Structure formats: C-alpha cells, structure tokens
Amino acid sequence: MSRIAVVGAGIFGVTAALELRRRGHRVSLYDAGEIPHPLAESTDVSKAIRMDYGADEFYTSHMERALDAWRGWNAMFGEEVFHETGAMFVTRAPMEPGGFEYESFEMLVRRGHTLERLDARAIESRCSLRGHVDGYFNTEGGWAASGRVVARLAAMARDEGVTVLESTPITKLPEADAVVLACGAWIPSLLPEIAPCFRTVGQPVFHIDAPDDVKLPVFGADIARTGWYGFPRHRDGFVKVANHGVGRVMHPSSEGERGVTSEEESRLRDFLRESLPALASATIRKTRICVYCDTADEHFWIAPHPDRPNLVVATGGSGHAFKFAPLLGGWIADALEGNVVDRFRWRADLRSPRGEEAARHR
C-alpha cells in the first residue's frame with residue numbers, strides 16, 4: 001500500500017482518488033477550494049453525455065462502456081445523476097461524408113446502434129429548433145448533473161477512506177510515494193516543460209429563461225460548424241446553451257477574463273434568432289465561462305513524467321472529458337502502474353496544428 005497524493009478534485013482527480021483507494025492505496029485528495037470547485041471545468045449544472053464522435057472509433061467504443069457505467073452510477077448513488085434524455089445532432093444542410101453528423105451516424109449504425117434519421121419536418125415536430133434540414137436522434141445519451149456528480153464522488157471517497165482536504169492550496173508537491181497532478185488548466189504553469197503542448201481557453205455558457213412549451217433534448221445545432229449546443233429545459237425554468245468552439249485564450253486564475261463578453265452574448269443572440277427563435281428575446285439569467293484545458297491535439301494527457309515516474313499528470317480534458325468520468329479513474333490508476341493508454345501518452349513534442357475532437361467547431 002503506497003501513499004498517494006492527488007492534487008485537484010475535479011472529475012480527473014476525484015475519480016483517480018477513488019479508484020486508487022479501491023486498489024488498496026492510502027490516498028489524500030487536495031483541492032485549493034471547496035469541492036466542487038467553482039472554477040473547475042467539471043463544475044456546472046449539466047454536461048452532455050454522448051457517444052457521438054464522428055469517425056473516431058476509439059472514443060465511440062469507450063463511450064459505449066462509459067454509458068453503461070453511467071447507468072450503473074444512478075443505482076450506485078441512489079439518485080438520477082445521469083438523465084438519459086437522448087441526444088440530437090442536426091445540420092442546416094444535408095449531412096455529407098466527412099461531416100461530424102454524417103460520420104457519427106455511420107459509425108454508430110455500423111456498431112449496431114439504432115438511430116432515428118430526421119428531416120426538417122421531423123426536427124421541428126420533435127423540438128423547438130428551427131432552420132435545420134437533416135440530422136438524427138440517438139436515444140443513448142443525455143446529460144449528467146456534473147457538479148452534483150463531483151460532490152457525490154468526493155463524499156464516496158471520504159466514506160471509503162480517502163483523506164479529502166478542501167481549501168488547501170498546494171505550493172509544492174506533497175510528500176508521498178506518488179503524486180497525481182489533476183489541476184486542469186493550472187498544469188502548464190506547474191510544469192513549464194510541457195506548457196507549449198497546452199492552451200487554456202474560455203467558452204461562454206448561458207442560462208436562458210425558457211417558457212414551459214420550449215421542447216429540447218440535448219442537442220448540437222450544426223455543432224462542428226457553429227459550436228452551439230444545449231440542454232433540455234431545467235426544472236428551474238431555464239435552458240442552458242453553450243459553445244464548443246475556438247474559445248478565447250485566457251489564464252485560468254484571471255478573474256477579469258471570467259465574464260462573458262458583449263461580443264459572446266451578441267453571437268448567442270444571433271444563434272437564437274436563427275435557430276431557437278422561441279428564446280430570441282428571452283432573459284439571460286446567468287452566464288459563466290467554462291475554462292477548457294486543451295491539448296494541442298485535443299486528446300487527454302494521462303501519463304507519468306518520463307523523468308519522474310512517480311508523478312502522473314492527468315489533465316487535458318479539452319472540453320470533452322467529463323462524459324468519460326466512469327473510466328477516468330481507471331485510466332489514471334493504470335498510468336500510475338505503468339499501463340498508459342497510447343492516445344493519452346506523454347507527448348512533450350506535441351505541436352498539432354489542428355485539434356482532432358470531431359464535434360469541435362474551429
């Protein structure tokens with residue numbers, strides 16, 4: 001049994017701490033703030049849970065496993081933290097080979113999943129989106145109450161013997177047999193030798209007042225071309241709409257950059273007028289910036305430091321890690337034991353000119 005310190009209690013850190021404890025280690029989990037930390041990428045009312053990854057069979061196959069585990073988590077927690085409302089991806093022009101929606105549809109059908117192909121009339125009868133002519137609905141998917149999930153996992157970790165230390169900033173690596181750094185967008189400043197492999201960007205998130213008759217599943221509205229996606233109407237009377245796009249470069253600790261800009265709100269209003277007119281003039285109840293820790297290729301970074309094998313870096317969510325929450329802890333614990341997923345390996349020479357996550361708008 002080793003003493004392992006996990007630094008950062010977002011979804012990477014809390015799942016790692018729990019898995020390492022279950023493998024028999026003595027684990028301490030540190031976070032600079034309360035859990036869930038208000039600035040963490042994984043903290044919000046909801047995150048999309050989807051298998052749809054274009055032609056990328058690696059992520060698609062792992063999300064098949066993760067979805068089964070999400071269903072099991074509902075039973076484990078005794079509450080519905082994963083809401084399987086389905087996910088819909090639609091386009092403003094016919095789906096074509098090479099496009100995210102077309103390739104996702106083909107991949108999922110080939111792997112035996114049943115999808116409902118949608119034309120313009122079917123889209124408008126199913127939901128409040130307008131102006132889209134092609135797409136599909138996938139019953140396997142939905143959304144998770146992300147902040148609630150992190151809080152429940154942290155409580156479970158405590159119950160199983162993890163020492164959880166909230167509001168405990170770390171100025172130097174803790175004394176332990178091994179350390180897992182799961183600090184999200186703060187990793188590049190802690191390990192400057194890999195800083196060029198990362199980019200920290202902010203993405204705008206909006207909570208918009210919505211009347212009862214607004215009908216939406218989890219949706220991507222021509223997402224790879226526009227970045228816009230959203231969620232069903234929340235029980236508190238709002239719809240969450242956000243952008244999965246280029247984002248704007250920022251420092252994760254900069255409070256001045258944490259606000260949504262007038263330009264970002266203007267782009268939202270343009271999207272609503274064009275694609276969700278029922279909310280075009282609705283009141284924006286709340287805004288936040290979701291901070292992505294992007295790797296240059298948009299694949300996760302879960303690997304030991306080549307010069308310090310007892311130091312594992314687990315970060316680089318790139319805006320799509322949360323949906324893999326049931327698998328993350330295992331990947332991180334395996335990496336500490338020397339079994340690294342090749343796609344997530346240490347790659348200090350990474351300078352990809354273009355990210356590879358299929359849904360991301362660039």
Side-chain angles (χ1 to χ4, degrees), residues 4-20 22-23 25 40-42 47 49-67 69-70 153 178-188 190-201 244 291-360:
I4 300 177
V6 179
V7 182
I11 199 62
F12 279 84
V14 73
T15 55
L18 194 52
E19 178 65 22
L20 289 164
R22 289 173 176 174
R23 295 190 187 190
H25 301 289
E41 186 175 339
S42 50
K47 296 289 183 185
I49 307 298
R50 58 174 168 89
M51 289 191 297
D52 316 73
Y53 264 91
D56 194 323
E57 195 155 15
F58 173 87
Y59 285 127
T60 302
S61 62
H62 283 295
M63 269 310 302
E64 290 169 341
R65 292 174 51 216
L67 266 174
W70 275 110
L153 290 170
V179 175
V180 174
L181 280 181
C183 307
W186 286 268
I187 290 281
L190 297 173
L191 295 173
E193 64 269 32
I194 57 172
C197 307
F198 294 87
R199 191 175 76 117
T200 301
V201 301
H244 185 54
V291 176
Y292 285 17
C293 178
D294 282 345
T295 60
D297 58 9
E298 295 172 2
H299 301 311
F300 314 146
W301 187 296
I302 303 173
H305 194 294
D307 300 324
R308 302 158 73 182
N310 65 338
L311 173 63
V312 166
V313 173
T315 189
S318 304
H320 68 113
F322 190 90
K323 62 181 66 64
F324 293 98
L327 308 184
L328 287 174
W331 285 334
I332 297 166
D334 286 348
L336 190 58
E337 295 171 358
N339 300 311
V340 177
V341 176
D342 184 66
R343 188 174 285 203
F344 309 151
R345 69 191 182 279
W346 193 275
R347 44 204 196 279
D349 58 348
L350 180 61
R351 302 291 188 277
S352 176
R354 180 179 175 85
E356 298 174 7
E357 199 277 290
R360 187 87 172 258

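Note that the structure is a prediction, hence the values are computed from the model and not measured. For the single chain, residues carry numbers from 1 onward in sequence order.
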Spacing of [atom1] belonging to [X] relative to [atom2] belonging to [Y], to within rounding of 0.5 Å:
| X | Y | atom1 | atom2 | answer |
| --- | --- | --- | --- | --- |
| Lys323 | His62 | NZ | NE2 | 14.0 Å |
| Asp334 | Ile302 | CG | CD1 | 10.0 Å |
| Leu20 | Ile4 | CG | CD1 | 4.5 Å |
| Thr200 | Glu41 | OG1 | CD | 9.5 Å |
| Glu19 | Leu327 | CD | CG | 10.5 Å |
| His305 | Ile194 | NE2 | CD1 | 7.0 Å |

Return the minimal non-hydrogen interatomic distance between [X] and [Y], and the atom names on each side.
| X | Y | value |
| --- | --- | --- |
| Ala335 | Pro304 | O-CG, 3.4 Å |
| Pro188 | Ala185 | CD-O, 3.3 Å |
| Ala314 | Val180 | CB-CG1, 4.3 Å |
| Trp346 | Pro306 | CE2-CD, 3.3 Å |
| Gly319 | Asp294 | N-OD1, 4.5 Å |
| Val340 | Arg345 | CG1-CA, 3.7 Å |

(message) For Glu357, is there any backbone N or O sitting under 3.5 Å from a side-chain donor or acceptor partner on Glu298?
(response)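 The answer is yes, because a donor-acceptor pair under 3.5 Å joins these two groups.
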(request) Please answer whether the main-chain N or O of Thr295 pairs with a side-chain N or O of Ser318 as donor and acceptor at a distance below 3.5 Å. (result) yes
Check: [Y] and [X] side chains under 4.5 Å, non-hydrogen atoms:
| X | Y | answer |
| --- | --- | --- |
| Cys293 | Ile187 | no |
| Arg351 | Cys197 | yes |
| Leu181 | Thr315 | no |
| Trp186 | Val7 | no |
| Trp70 | Pro326 | yes |
| Met51 | Glu64 | yes |
| Thr15 | Leu153 | yes |

(message) Run His244 and Tyr292 through side-chain contact (heavy atoms from CB on, under 4.5 Å) and show every step you take.
(response) CA-CA 10 Å; His244 185 54; Tyr292 285 17; 2.8 Å; yes
(message) Phe300: which residues meet the ring pair (Phe, Tyr, Trp, His ring centres under 6.0 Å) condition with it, sequence neighbours left out?
(response)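 Phe300 satisfies ring pair (Phe, Tyr, Trp, His ring centres under 6.0 Å) with Tyr59, His320, Phe324, Phe344 once adjacent residues are dropped.
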(message) Quick one, Arg23 with Leu336, criterion side-chain contact (heavy atoms from CB on, under 4.5 Å). Give me CA distance, side-chain angles, the key distance, then yes/no.
(response) CA-CA 12 Å; Arg23 295 190 187 190; Leu336 190 58; over 6 Å; no
(request) Quickly, which of Arg343, Arg354, Arg347 forms a side-chain hydrogen bond (donor to acceptor under 3.5 Å, both in side chains) with Asp297? Name it, please. (result)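 Per the side-chain hydrogen bond (donor to acceptor under 3.5 Å, both in side chains) rule, the option paired with Asp297 is Arg347, out of Arg343, Arg354, Arg347.
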(message) Could you go through His299 and Phe58, starting from their C-alpha distance and side-chain angles, then the distance that decides it, and tell me whether this counts as side-chain contact (heavy atoms from CB on, under 4.5 Å)?
(response) CA-CA 11 Å; His299 301 311; Phe58 173 87; over 6 Å; no
